[in-house]
Amino acid sequence: MLSESSVSAAPSGTTGAPPGRGILRPVTALLLSGLVAAAALVGAGPAVAGDPGRHHGGAAAVLDGLKTFDSAVLRVPGENGEPDRTQELPAGLFEMTVDGGGKLKTYCIDLHNPTQNQATYLETPWAETSLGGNRNAGKIRWILQHSYPQVDDLAALAEAAGTGPLTERTAAAGTQVAIWRYSDGADVTAADKQAEKLADWLHRHARNAKEPRASLTLEPAAVSGRAGERLGPVTVRTGADQVSVSPPVDAAASGIRVTDEKGEAITAAADGDRLYFDLPKDTADGSAALSVQATTQVPVGRAFTGIGRTQAQILAGSSESTVSARATATWAETGPAPAVTARENCAKGGVDITVANRGDAPFTFELAGAEHTVAAGATRTVTLPVAEDQAYDFAITGPGGFRKSFTGVLDCATAGSVPPGGDGADGGAGNDIGTRSAQRSVPATTGSSTSGLEGDLAATGGSSATPMIAAVAIGLLVVGGGAVFLLRRKQARTEDE
């Protein structure tokens, strides 16, 4: 979106304008408008991956694309007496590259939302995705645990499912089809007979499994208190054997240490360990952050959501990968001492802002034009309503220049989800696919691929247009500059005459 008054135009109808200038103004304005719009499109990228308002901990990764896939057929119910229609689309495994090292393999759990090329993804709790309201979410994890690539002996998988010979491509397609039936309530079948038999077997045999724990997180992600105290605890939750602990960046100068319960400085911790911020008594009011990092496999079944509008994914396999988490501390000598965290709440359709005040005076803050007060020693959660698919960008402001911002996009439903209060025969996942949503997400043709399919779901949506947008912007720049140059030459000749 262009900002207001991004382009200024001279008043029209100016008397005494030299010949040609009347043409120059609208042409120049048009070209500049096009350049600004194109530049805005090219520059419109995701937020920073490490945004503490969004990343609760775990892995952050960049989408590499759909790598192992075959064909599937989606059936969409007709509207207003029209016949059902079908749509062929690719189905299979995506790959991601983890920030800091590692590879992930994922399946889609958001059929109608296209992916964005090279999108950044963050490990995310189920409650902050469409899985949070899907009573069949656990069955998706069971499918992941009992199919490819977790079961990489394809002969054994084929024998158990009674499918006949499977390849990596058909095994991936059959697994994705079974997942879509539970994640999106989709009427979808695999094009390959063996892949379809695998999908049917997985769909029939799936049982609910629990959500896996995060690969690494710190609880809570924010603490507060007084200088001269140990602020915390912040508890490490991880499946890694050990995590490295990094103190605040200015620890040497400020004297702030990260310690255990006994006050001993630590640089490494394990699951369940409690960390504290140890502050010298004369530390000026302020805040600091510690971070932890480890190398481990991310648990199968962890959800991954993108920064920006791109389809949600679920983890099917992980190499040893870098995972991280951070926690902040805020302190004050007197008055309020707030610790603020935020989480998307799909059940309530909004963002939960939790404020814990460990000071000796009430903390009054403003959020979305309304004032809220948290008493000393109390904790309060305020839910800010956000519409589905709506981008949000809000700040909490308080006395003394306190400000904390949070950004994101609420993505809690799929096109096949039953709206709140609806009745889905498939356990809340829904059985009907929105025709309009399906029409919007027809896979784009991207040329040949190793599988022989032309559609690459990983290249649908806005991502495939990025090179074109860049080319348009450059073209407009060249054409615009040339047009302005020629018009100015014509104007100069006219003035000389």
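Both backbone and side-chain heavy atoms feed into the values below; hydrogens, waters and symmetry mates do not.
Thr310 and Gln116 share no side-chain donor-acceptor pair at under 3.5 Å. Under 3.5 Å, the side chains of Asp64 and Thr97 contain a donor-acceptor pair of N or O atoms. Residues Thr305 and Thr129 bring no donor and acceptor atom of their side chains to less than 3.5 Å of each other. Side-chain contact annotation: Ser215 with Glu123, donor-acceptor N/O pair under 3.5 Å present. Under the 3.5 Å distance criterion, with hydrogens and angles disregarded, a donor-acceptor pair is assigned to the side chains of Asp352 and Thr383. For Thr330 and Ser224, the side-chain atoms include no donor-acceptor pair closer than 3.5 Å. Using a 3.5 Å distance cut-off with no hydrogens or angles, the side chains of Glu88 and Ser71 do pair a donor with an acceptor. For the residue pair Thr238 and Arg213, no side-chain donor N or O sits within less than 3.5 Å of a side-chain acceptor on the partner.
Using a 4.5 Å heavy-atom threshold, the side chains of Thr259 and Ile266 count as separate. When side chains are defined from C-beta on, Glu261 counts as touching Tyr276, because their heavy atoms get closer than 4.5 Å. Counting heavy atoms from C-beta outward, Tyr182 and Arg135 have side chains that stay 4.5 Å or more apart. For the pair Thr175 and Ile143, the minimum side-chain heavy-atom distance is below 4.5 Å. Side-chain atoms of Gln313 and Tyr121, non-hydrogen and from C-beta on, do get closer than 4.5 Å to each other. Counting only heavy atoms from C-beta outward, the side chains of Asn117 and Leu63 never approach each other to under 4.5 Å. Taking 4.5 Å as the limit, some side-chain heavy atom of Leu166 sits within range of a side-chain heavy atom of Leu157. Looking only at side-chain heavy atoms (C-beta outward), Val292 and Leu218 come within less than 4.5 Å of each other.
A donor-acceptor distance shorter than 3.5 angstrom exists from the side chain of Glu388 to the backbone of Cys412, with no hydrogens or angles considered. His146 contributes a side-chain N or O that, together with a main-chain N or O of Trp142, makes up a donor-acceptor pair within less than 3.5 Å. A donor-acceptor pair under 3.5 Å is formed between the side chain of Thr124 and the backbone N or O of Leu122. No donor-acceptor pair closer than 3.5 Å links the side chain of Gln242 to the backbone N or O of Ala270. Here the side chain of Trp126 pairs a donor or acceptor atom with the backbone of Gly301 at under 3.5 angstrom. Between the side chain of Arg326 and the backbone N or O of Ala289 there is no donor-acceptor pair closer than 3.5 Å. A donor-acceptor pair under 3.5 Å is formed between the side chain of Gln390 and the backbone N or O of Ala387. A side-chain donor-acceptor contact under 3.5 Å links Thr170 to the backbone of Thr167. Thr322 contributes a side-chain N or O that, together with a main-chain N or O of Gly100, makes up a donor-acceptor pair within less than 3.5 Å. A donor-acceptor pair under 3.5 Å is formed between the side chain of Lys404 and the backbone N or O of Val340.
When all heavy atoms of Arg274 and Thr235 are compared, the pair lying nearest together is CG-OG1, 3.9 Å. Nearest heavy atom pair, residue Ala171 against residue Tyr148, reads CB-CB, 3.8 Å. Closest of all the heavy-atom pairs between Glu128 and Cys346 is C-SG, 3.5 Å. Residues Val298 and Ser318 approach most closely at N-OG, 3.1 Å, considering heavy atoms. Leu144 and Ala316 make their closest contact through CD2-CB, 4.0 Å (heavy atoms, listed as atom of the first residue, atom of the second, distance). Of all heavy-atom pairs spanning Val300 and Pro212, the tightest one is O-CG, 3.4 Å.
The CD1 atom of Ile179 sits 10.5 Å away from the CG atom of Asp184 when rounded to the nearest 0.5 Å. Within the model, atoms CZ of Arg75 and CD of Gln87 stand 12.0 Å from one another, a figure rounded to the nearest 0.5 Å. Between the OH atom of Tyr107 and the OG atom of Ser147 there is a distance of 5.5 Å, given to the nearest 0.5 Å. To the nearest 0.5 angstrom, Lys139 atom NZ is 9.5 Å from Asn134 atom CG. With rounding to the nearest 0.5 Å, the separation of CZ in Arg85 from CD in Glu79 is 9.5 Å. Here Glu196 contributes atom CD and Thr189 contributes atom OG1; the two are 5.0 Å apart, rounded to the nearest 0.5 Å.
Ion pairing between a basic and an acidic side chain is recognised when a charged N comes within 4.0 Å of a carboxylate O; Lys197 and Asp192 show no such pairing. Salt-bridge annotation for Asp411 and Arg309: present, with a side-chain N of the basic residue lying under 4.0 Å from a carboxylate O of the acidic one.
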Quiz item: Run the side-chain contact (heavy atoms from CB on, under 4.5 Å) check on Phe94 and Leu104 step by step: do they pass?
Solution: CA-CA 8 Å; Phe94 292 82; Leu104 306 178; over 6 Å; no

Quiz item: Stepwise, does the side-chain contact (heavy atoms from CB on, under 4.5 Å) test hold for His372 with Val382?
Solution: CA-CA 9 Å; His372 306 272; Val382 177; 3.9 Å; yes

Quiz item: Can you list the steps and then say if Ser321 with Thr296 is a side-chain contact (heavy atoms from CB on, under 4.5 Å)?
Solution: CA-CA 5 Å; Ser321 299; Thr296 187; over 6 Å; no

Quiz item: What do the steps show when you test Leu74 against Thr86 for side-chain contact (heavy atoms from CB on, under 4.5 Å), and what is the final call?
Solution: CA-CA 5 Å; Leu74 173 68; Thr86 60; over 6 Å; no

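Within a 6.0 Å sphere centred on CZ of Arg204, other residues, nucleotides and ligands contribute more than 12 heavy atoms. Annotation for Asp241: atom CG does not count as buried by contact number, only 12 or fewer foreign heavy atoms lying within 6.0 Å. The number of heavy-atom neighbours closer than 6.0 Å to CD of Glu219, taken from other residues, nucleotides and ligands shown, is above 12.
In this structure, Phe394 has its ring center closer than 6.0 angstrom to the ring center of Phe406.
Ring pair His205/Trp201 is tilted by interplanar angle, where 30° to 60° counts as tilted.
Results of the side chain to side chain donor-acceptor pair (under 3.5 Å) test with Asp70 over Gln194, Arg169, Gln176 single out Arg169 as the only residue that passes.
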